[in-house]
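Convention: sequence-line order gives letters A, B, ...; per-chain numbering from 1.
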Protein chains: 2
Amino acid sequence: MDQLDRKIIAELRNNGRATYAELGRTVGLSASSVHERVGKLEAAGVITGYHAVVDPRRVGLGVTALVGIQPTDTASDDEVAVALGELPEVESCYAVAGDEAFVVKVRVETVDELERTLGRLRRIDGVARTHTTVVLSTRFEGRPNNTGLDQG
Amino acid sequence: MDQLDRKIIAELRNNGRATYAELGRTVGLSASSVHERVGKLEAAGVITGYHAVVDPRRVGLGVTALVGIQPTDTASDDEVAVALGELPEVESCYAVAGDEAFVVKVRVETVDELERTLGRLRRIDGVARTHTTVVLSTRFEGRPNNTGLDQG
DNA sequence: GTTGAAATTAGGTCGGT
DNA sequence: ACCGACCTAATTTCAAC
């Protein structure tokens, strides 16, 4: 991982569909060198994937909530995490320090659906309580700004 | 936005570098038709971008925290949000219901840097208190699973 | 690791349906 | 809206350095 790799990664974080030729022009390498470097970064697990980002509201997912999950005394964190992963409305899942075992990000169409989703969360074995924070607006999300990649 | 568009979007969320020919094969259209549809989805703001996803730990960002931001009585939410956006270590920012005005996701290299970042957050005009939840592990994140796109 | 050349494939435009 | 045909440009492989 040298500076050229970092530049390539930064560029691909900004534009995941940049061509190798384009990347080569911005970093000062041939397309085939970039191709080889990107392949190695993917193989090494540095680049884990490429994804189109969609405006959630325009695909009918206007309601976002952050839900803290308090576990029961006997809960297995791993089993709870797997169960959380089985709900498609749970987009992200973080195991956290504090009295909650997890914080999950939930995206649904309506508050009605949020209510149903919270019911499903509470019915998971090992879940004692949930604490829900409704998102009113997403100011920004997933910015590619502090990777240590941009500044050099 | 018909079912074909939804299929294309679902595919691009899974693989942001899928070629138009590949997309055409999976949805049953020609590459040129897919090209036209994707162009319209981008122009309509449904698809907002394409990004490579990087394993944060492999680029020296091993510490993640969720930070609730309590505002002062006189705070302007918009100004606080702008100030939060100026810190590169703040990756996402949500305005939320409840006694906190915002929840932000912070990513830094070390807990030392987390401490410094929290100091910077508290020094923002309009920020009264912060409440930090340290992420112990990310079980999954940003899954493209509940877009209403996948189930057809 | 890097390159340039060669073969293959994709992108992008457009006329026709 | 979709397709096929077309030309341009990119990907991908590879021998050579």
Side-chain angles (χ1 to χ4, degrees), chain A residues 1-61 109 142 144 147-152, chain B residues 1-61 109 142 144 147-152:
Chain A
M1 272 270 287
D2 60 7
Q3 292 306 92
L4 290 172
D5 284 329
R6 277 181 257 275
K7 269 191 174 178
I8 290 168
I9 292 169
E11 203 56 33
L12 282 171
R13 280 169 63 91
N14 285 320
N15 176 14
R17 281 181 84 82
T19 68
Y20 297 125
E22 280 169 354
L23 294 169
R25 283 190 282 274
T26 60
V27 306
L29 282 179
S30 68
S32 41
S33 290
V34 174
H35 182 243
E36 191 183 350
R37 280 171 176 264
V38 171
K40 285 181 180 173
L41 289 168
E42 290 168 353
V46 179
I47 296 173
T48 58
Y50 303 89
H51 302 286
V53 174
V54 171
D55 183 343
R57 290 165 302 185
R58 312 204 70 143
V59 294
L61 289 176
E109 282 199 33
T147 49
L149 304 166
D150 311 273
Q151 47 271 60
Chain B
M1 271 269 288
D2 59 7
Q3 292 306 91
L4 291 171
D5 284 328
R6 277 181 258 273
K7 270 190 173 179
I8 291 168
I9 292 169
E11 204 55 35
L12 282 171
R13 280 170 65 91
N14 286 320
N15 176 14
R17 282 180 85 82
T19 66
Y20 296 124
E22 282 168 352
L23 294 170
R25 281 189 284 274
T26 60
V27 305
L29 282 180
S30 70
S32 44
S33 292
V34 173
H35 183 246
E36 191 182 353
R37 280 171 176 267
V38 171
K40 285 180 182 174
L41 289 168
E42 290 168 354
V46 179
I47 296 173
T48 58
Y50 303 89
H51 303 285
V53 175
V54 171
D55 184 343
R57 290 164 302 186
R58 312 204 71 143
V59 294
L61 290 176
E109 282 199 32
T147 48
L149 304 167
D150 311 274
Q151 43 271 62

Quick check for you: name the first and last nucleotides of DNA chain D, 5' to 3', having an atom under 4.0 Å from a heavy atom of chain B. D/dA1 to D/dG4

Distance in Å, B/I8 CD1 paired with B/H35 NE2, rounded so as to fall on 0.5 Å steps: 12.0 Å

Can you list every pair that meets salt bridge (charged side-chain N to carboxylate O under 4.0 Å, His left out) and has a residue in residues 19-36 of chain A, with sequence neighbours left out? A/E36-A/K40

With sequence neighbours excluded, what pairs up with B/T26 under the side chain to side chain contact (heavy atoms under 4.5 Å, CB included) test? B/E11

Atom CG of A/D2 and atom C1' of C/dG1: how far apart are they, to the nearest Å? 10 Å

Using a heavy-atom cut-off of 4.0 Å across all strands, would you classify A/S33 as base, sugar-phosphate, or nothing? base

Would you tabulate the pairs of protein nitrogen or oxygen atoms and nucleotide nitrogen or oxygen atoms of nucleotides 4-8 of chain C closer than 3.5 angstrom?
| unit_1 | atom_1 | unit_2 | atom_2 | d |
| --- | --- | --- | --- | --- |
| C/dG4 | O6 | A/S32 | OG | 3.1 |

Can you name the nearest heavy-atom pair linking B/D2 to B/D5, along with the distance? OD1-N, 3.0 Å

Please classify the nucleic acid contact of B/E22 as base, sugar-phosphate, or nothing, using heavy-atom distances under 4.0 Å. nothing

Can you check the B/L12 CG to C/dA10 C1' distance for me, whole Å? 15 Å

Point-to-point distance, once rounded to the nearest 0.5 Å, from CG of A/L41 to CZ of A/R6: 10.5 Å

First encountered from the 5' end of DNA chain C, between A/R37 and A/R17: A/R37

Minimum side-chain heavy-atom gap A/R37-A/V27 below 4.5 Å: no

Measure NE2/A/H35 against P/C/dG1 and give the value in whole Å, please. 16 Å

Hey, are the side chains of B/M1 and B/I9 touching, using non-hydrogen atoms and a 4.5 Å cut-off? yes

Results of side chain to side chain contact (heavy atoms under 4.5 Å, CB included) for A/R57 - residues two or more places apart only: A/D55

Heavy atoms within less than 4.0 Å of DNA chain D: which residues of residues 38-47 of chain A have one? Give them sorted by number. none

How long is the line joining CD of A/Q3 and P of C/dG1, in whole Å? 15 Å

With sequence neighbours excluded, what pairs up with A/R17 under the side chain to side chain donor-acceptor pair (under 3.5 Å) test? none

Run the salt bridge (Lys or Arg N to Asp or Glu O under 4.0 Å) test against B/E42 and tell me which residues pass, sequence neighbours left out. none

Residues in ring-ring contact (aromatic ring centres under 6.0 Å, His included) with A/Y50, at least two apart? none

If I take atom CD1 in residue A/I8 and atom C1' in nucleotide C/dG1, what distance separates them, rounded to the nearest angstrom? 12 Å

B/S32: side chain to side chain contact (heavy atoms under 4.5 Å, CB included) partners, not counting sequence neighbours: B/S30

The helix from C/dG1-D/dC17 to C/dT17-D/dA1: angle between end helix axes, five pairs per end, rounded to 10 degrees: 30°

For residues B/I47 and A/A52, report the shortest heavy-atom separation together with the two atoms involved. CG2-CB, 4.3 Å

Set of residues satisfying ring-ring contact (aromatic ring centres under 6.0 Å, His included) with respect to B/H51, sequence neighbours excluded: none

Starting from P on C/dA10, measure out to CG on B/N15 and report it in whole angstrom. 13 Å

